[in-house]
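Here's the structure, in structure tokens; my notes come after.
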Amino acid sequence: MIHELPKVYEHKPVEQRWYRFWEEKGYFHSEPNPNKKPYTIVIPPPNVTGALHLGHALNNTLQDILIRRKRMEGYETLWVPGTDHAGIATQAVVERRIWQEERKTRHDLGRTELVRRIWAWKDEYENRILSQLKQMGCSCDWARTRFTLDPICTRAVRHTFFRLFCEGLIYRGKRLVNWDTTLQTVVSDDEVFHETVPGHFWYFRYPVIDPRPGEPKYVTIATTRPETMLGDTAVAVHPFPARALEDAIVDVEKKLSKASGKERAELEAELADLRRRQRELLPELIRLRDMAADGRRVLLPLVNREIPLILDEWAKPEMGTGCVKITPAHDPNDYEVGRRHQLPMVNILNPDGTLNENAGPYCGQTILEARQNVVRDMEGLGLLEKVEDRLIDLAHSDRSKTPIEPMLTDQWFIAMKDLAQMAMDAVIDGRVKIIPARYAKGYLDWLAEKRDWPISRQLWWGHQIPIWYCQTATEEEIKRAFAGRDDVAWRWDSEGNQWLICVREGELSEDAIPGHKLRREEDVLDTWFSSALWPHSTLGWPDDTPEMRYYYPTSTLVTSRDIITLWVARMVLAGLHNVGEVPFREVYIHPKILDAYGEGMSKSKGNGVDPVDVMEKFGADALRFALAYLTTETQDIRMPVDFECPHCHKFMEQTRENRILPRLRCPHCGRDFATQWAEKPEDKALPRALVVSERFEVARNFCNKLWNAARFVLINLEGYQPARVEADQLQLEDRWILSRLASVTEQVNQALDEYRFGDAARILYEFSWDEFCSFYVEMVKTRLQNPALRPVAQRVLVWVLDNLMRLLHPMVPFVTEEVWQHLAQLAPERGLDEPRRAAESVMIAPWPTPDKRFFSRQVESQFRVFQEVLRAVRDIRSRQNIPPRQEIEFCVRCDEDTAALLNPMGMYFAAMAKARLKAAGPEVQGPPLAAQANLPGIEVYVDLAQLIDAEAEIRRKRQELARLEQMIDKKRQKLADRQFLEKAPAHVIEREQASLRQLEEQYAVAQAALGRLLVQVQNS
RNA sequence: GGGCGAUUAGCUCAGUUGGUUAGAGCGCCACCCUUACAAGGUGGAGGUCGCUGGUUCGACUCCAGCAUCGCCCACCA
């Protein structure tokens, strides 16, 4: 059976076999257990918009590493999985799909049908996402899978909303939104793209009402959007125009002193303009300022409305005409000005982008029609001063490509003042620790603004806001209708002239108040509202469940930096508000995955990598190990993307140019293949290339190395008998590998405690490959041939492998389980003290703790001497081009201690360098014709007799001498420096002196060796 | 505009509180299919640590400035 073990690690069957095994054994499931300490993670729920990408793979790998380790450490570990309904994103994806396939809009389908379709989509992608997680090996408790729109989460949402409503923290108010006139919907800021388009700057004159002598007759304003003047409610001037201009000039001068080239020319032009303004414009601005202070008004032409001149710093004298028209209902900045001055807010737009009755004579026109007509009419009145060409940065809707109209609408908000403060305090006083700590700043800065949270979205996919409106009922009637119900609350909305009625659970019928009609709020809640509750809603809040009592607060949140504010901050405040306790103790922020160009990965760019492709090619363990290995504290993960040709399986680099093409030609075999963009039937018919990255190869090779190391052990376990191993039975290499194992165990523990995943991976990689495989396994080979030495070698070998598999399991769960199960067949009982029966799965085996007894600095440094001598011998073989099969002889001149150490290692030199150690000790003299290497205090001579290439050896010695000379010079200089001798600490000086002595000694040895070589060459 | 991070070998990255000769993987060169592993082994070449100053006996490491790149936030009549 052993001989059937494949030479190459085959990940596919292994992954399927053991994942099923773990699930069947119920290892993933967690129940509150008073005898254990809990360790809990809630997954950042992936959006059901699509499949998982590499970023998710990273996020979930790290969580699984934490969870698996803690599980092995004996914690009751719970990892709650789930997905997020991701309101806007999901609805948009499905709507787009329906439009492409059926040419229908959501209005054609209606709310119920659209929502039904999105649920179907959700089912499909949720499945896909969960199966991707399983394929990666994630040890989530699948029985507790949640979805942010499922009944459990919905209940938490409703209770939260109701409570906030009762506390008066939820309110209704006006807000400017990005309005898409084509889709007739609000779009979020990140669905808006900016494009620079050619446009104009129109200069309009607004007549001053009853100008006094010496006062200007007009105020001139400049605008890129003439039609919005119909909604103007003021004209603003700066309260201190002279000072403001002066400040601007100082600012530009400062920049100018540092600038150069093209930038300089621009700044100089700017400065000239400012100076001109100071001369020509300032007197008028001062007069206007005084008029504004005096409460004077201007006449808004075309609609003939009197509007005030106001003083506001928003009117920058260095911009435009120095005066600015204020349109609070259609410009974000003007909105702020309007609020500061309590200006009326005149909305001039209908949802379809035509002008409404507030636009007077322009009512019914489109924006563009109105723009032309307004300009024409102003010109007719003689109020158009001039028109300039100008490039304008215009916001467009991502989805419909039409220009965005800022529009004032009714929205729901959460008052953040106190909630934000609570969330800030939790991080400031350390109840929530953010790692790396630098990310706390962004969190605190954002919360410190305490901007109210707009929670309503004009969508159909999401938690519908549980508010019913009634305009006609009296408070008495409401009280009567809901008498005795503490789950209904109401409040009068003076702005909308209506009752707002909120209910904690369930629905209110239209006629819940006899004789009146209730209308339900159509909007849904921001996705982050339900996400904010995730750590407690998934555990059953608002009920006082055993889960809430046991698992809450959760232990660690693992997420990426771009949602620290949107999500992490809101979870903290929601947890504090609802439960009275933080949602998690630690937040670990991991790096972002970027492509070869340093750009983030995304579907639209076409540079995304599906972890399934990677697992297909390299295996889940390779995916996981590579990601862990690349996770360092400060560096994002650069991941060049390759297509794998489906014909010849060679890689083709993905570039900015080829990454969005439907079909590509392999540069290696010349055949065509399809990509994810293939749409035409002839493209789709081609085999599709996997999209992967060469960066996973290292990890795949590592898994293979582990597999083969284990294979070696398994092949050599015949006759294995578990038994206690006494200290005096251990050879130097045993004590060395056990010492190394102890320190590696300690280092890995520390690294994982501090979320240094990359370090942990590196430590294990190097230990496994460079120490366990390259040395221990090689050395044990000889002992295994010797019946007397074999049993102890087997026991130590098995024990180290056992420990190594346990240490590696959180990162590479599949290959370690495979090895573990094979070991169980041949060596079910293992251990150096009292051998014990190993756990039935490495997943539940105890996590290794460092065995301090074996930790020995002395053994490690002794072993290093052996390694160095071995390396010197190998080096000589290589540089002398000695055929690999040719055995050579060597001797070592060294002190007695070193000799005592090297002499018993003879068999290892034979096995590992095909070299026979003839003698070692202080009396040893090198043979006349020898290749020589000198290490500090050790001279290695390889007897080469006829074989030697003396010239090469002489050349090499000369190089070596030159190098040593250089180093000695540097050292002598340093040690001659009085400053250094006076100020450097004693131990540093001592070390330098010792090092110099050693170099000098090595120099002398090398020189002597060179001398001998020269003599020999001359003689022959 | 504000904040954060990065810049080390051809590429991708490590580099402990400042102290011997700055490391790894891939790629490259030479030799090897040696019965765990060619997804491997042995050896090698390759670096003025982005630039300029400063602190220090001593700087890849600390400080300041500059340059380039990236991310987040704000803003652009």
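Just so we're on the same page: letters track the sequence lines, and every chain starts at 1.
Summary of the strand contacts: Glu449(A) and Arg700(A) both lie near RNA chain B, and taking for each the nucleotide with the nearest heavy atom, the more 5' one is attributed to Arg700(A). Residues Met639(A) and Leu870(A) both approach RNA chain B. Their nearest nucleotides, taken by heavy-atom distance, put Met639(A) toward the 5′ side.
Distance from the side chain of Asn708(A) is smallest to A36(B) among A36(B), U20(B), C13(B). The side chain of Tyr629(A) lies closest to A24(B) when the candidates are G19(B), U21(B), A24(B). When the nucleotides A39(B), A36(B), C57(B) are ranked by their closest atom to the side chain of Asn704(A), A39(B) comes out on top. If you check G3(B), G70(B), A77(B) against the side chain of Leu594(A), the one that comes closest is G70(B). Residue Asp562(A) has its side chain nearest to C72(B) when only C37(B), C72(B), G43(B) are considered. Of the candidates C4(B), A36(B), C13(B), A36(B) carries the atom nearest the Phe712(A) side chain, counting heavy atoms from C-beta on. Comparing A77(B), C4(B), G19(B) against the side chain of Val988(A) picks out G19(B) as the nearest. The side chain of Ile715(A) approaches A36(B) more closely than any other nucleotide in the set C57(B), A77(B), A36(B). Nearest to the side-chain atoms of Lys441(A) among the listed nucleotides A77(B), C4(B), C13(B) stands C4(B). Nearest nucleotide to the side chain of Arg638(A), out of C13(B), C57(B), C32(B): C13(B).
Neither OP1 nor OP2 of C37(B) sits under 4.0 Å from any side-chain N or O of Lys705(A). OP1 and OP2 of U34(B) both lie 4.0 Å or more from every side-chain N or O belonging to Lys914(A). Residue Arg451(A) places at least one side-chain N or O closer than 4.0 Å to OP1 or OP2 of A74(B). Arg871(A) has a side-chain polar atom (N or O) that falls below the 4.0 Å cut-off from OP1 or OP2 of G44(B). The shortest distance between the side-chain N/O atoms of Trp769(A) and the OP1/OP2 oxygens of G41(B) is below 4.0 Å. At G40(B), one or more side-chain N or O atoms of Asn701(A) fall inside 4.0 Å of OP1 or OP2 (strictly under the cut-off).
Taking atom CD of Glu694(A) as the reference point, atom C1' of A39(B) lies 15 Å away to the nearest angstrom. Here the P atom of nucleotide G58(B) and the NZ atom of Lys974(A) are 10 Å apart, to the nearest Å. To the nearest angstrom, P of A77(B) lies 17 Å from NE2 of His238(A). For Asp445(A) and G3(B), the CG to C1' distance is 7 Å, given to the nearest whole Å. As rounded to whole Å, 16 Å separates atom C1' of U20(B) from atom CD of Glu1001(A). Distance, His330(A) NE2 to A77(B) P: 17 Å, rounded to whole Å. Atom P of nucleotide C72(B) and atom CD1 of Ile589(A) are separated by 14 Å, given to the nearest angstrom. In this structure, Phe909(A) places its CZ atom 24 Å from P of U34(B), rounding to the nearest Å.
With a 3.5 Å ceiling on both atom-pair distances, the Watson-Crick or G-U wobble partner of G1(B) is C73(B). In this structure A67(B) sits in a base pair with U7(B), meeting the Watson-Crick or G-U test at under 3.5 Å. Across all strands shown, C29(B) is found opposite G43(B) as a Watson-Crick or G-U wobble partner, with both distances under 3.5 Å. Nucleotide U16(B) is matched to nothing when pairs are restricted to Watson-Crick or G-U wobble geometry with both distances under 3.5 angstrom. Nucleotide U34(B) forms a pair with no other nucleotide shown, judged by Watson-Crick or G-U wobble geometry with both contacts under 3.5 Å.
A donor-acceptor pair under 3.5 Å is absent between the side-chain atoms of Arg711(A) and the main chain of Val8(A), judged by distance alone. For the pair His238(A) (side chain) and Asp312(A) (backbone), a donor-acceptor distance under 3.5 Å is absent. The main-chain N or O of Pro640(A) is never found under 3.5 Å from a side-chain atom of Glu694(A) such that the two would form a donor-acceptor pair. Using a distance-only test at 3.5 Å, with no hydrogens or angles considered, a donor-acceptor pair links the side chain of Asn704(A) to the main chain of Tyr9(A).
Residue contacts shown for Phe201(A) are limited to sugar-phosphate atoms, with no base heavy atom under 4.0 Å away. At a threshold of 4.0 angstrom between heavy atoms, the contacts of Thr632(A) are confined to the sugar-phosphate backbone, with no base atom among them. Within the 4.0 angstrom heavy-atom criterion, no nucleotide atom of any strand lies near Cys703(A). Across all strands, Arg561(A) comes closer than 4.0 Å only to sugar-phosphate atoms, never to a base (heavy-atom distances). Among the protein residues, Pro985(A) comes within range of the nucleic acid bases, having at least one heavy atom under 4.0 Å from a base atom. Within the nucleic acid shown, Gln747(A) has no heavy atom closer than 4.0 Å to any nucleic acid atom. Counting non-hydrogen atoms under 4.0 angstrom, Val713(A) reaches nothing in the nucleic acid. Residue contacts for Arg879(A): at a heavy-atom cut-off of 4.0 Å it reaches no nucleic acid atom on any strand shown. Here Ala222(A) lies in heavy-atom contact (under 4.0 Å) with sugar-phosphate atoms only. Note on Lys325(A): nothing from the nucleic acid sits closer than 4.0 angstrom, heavy atoms only. Across all strands shown, Val698(A) has heavy atoms under 4.0 Å from sugar-phosphate atoms exclusively, and none from any base.
Figure legend: Arg561(A) and Tyr439(A) shown without cation-pi pairing, the cationic atom not lying both under 6.0 angstrom from the six-membered ring centre and within 45 degrees of its axis.
The same atom, C1', is picked in U16(B) and in U12(B); the two are 22 Å apart, to the nearest Å. For C37(B) and U42(B), the C1' atoms lie 15 Å apart once the distance is rounded to whole Å. Using C1' as the reference atom, A9(B) and A45(B) are 11 Å apart when rounded to the nearest Å. Nucleotides G46(B) and A24(B) place their C1' atoms 14 Å apart, quoted to the nearest Å. The gap from the P atom of G3(B) to that of C60(B) amounts to 29 Å, rounded to the nearest Å. Taking atom P in both G10(B) and C28(B), one finds a spacing of 15 Å when rounded to whole Å. When the P atom is compared between A59(B) and U68(B), the two are found 28 Å apart, to the nearest whole Å. Spacing of P atoms, G50(B) relative to A22(B), comes out at 15 Å, to the nearest Å.
The residues Arg978(A) and Glu982(A) are annotated as salt-bridged, a charged nitrogen and a carboxylate oxygen being separated by less than 4.0 angstrom. A salt bridge is absent between Lys914(A) and Glu887(A): the closest approach of a Lys/Arg side-chain nitrogen to an acidic carboxylate oxygen does not fall below 4.0 angstrom.
Ring orientation note: the planes of Phe909(A) and Phe890(A) are nearly perpendicular, at an angle over 60° on the 30°/60° scale.
With ring centers used as reference points, Tyr203(A) lies under 6.0 Å from Phe201(A).
Scanning both residues, Val940(A) and Val869(A), for their nearest heavy atoms gives CG2-CG1, 4.2 Å.
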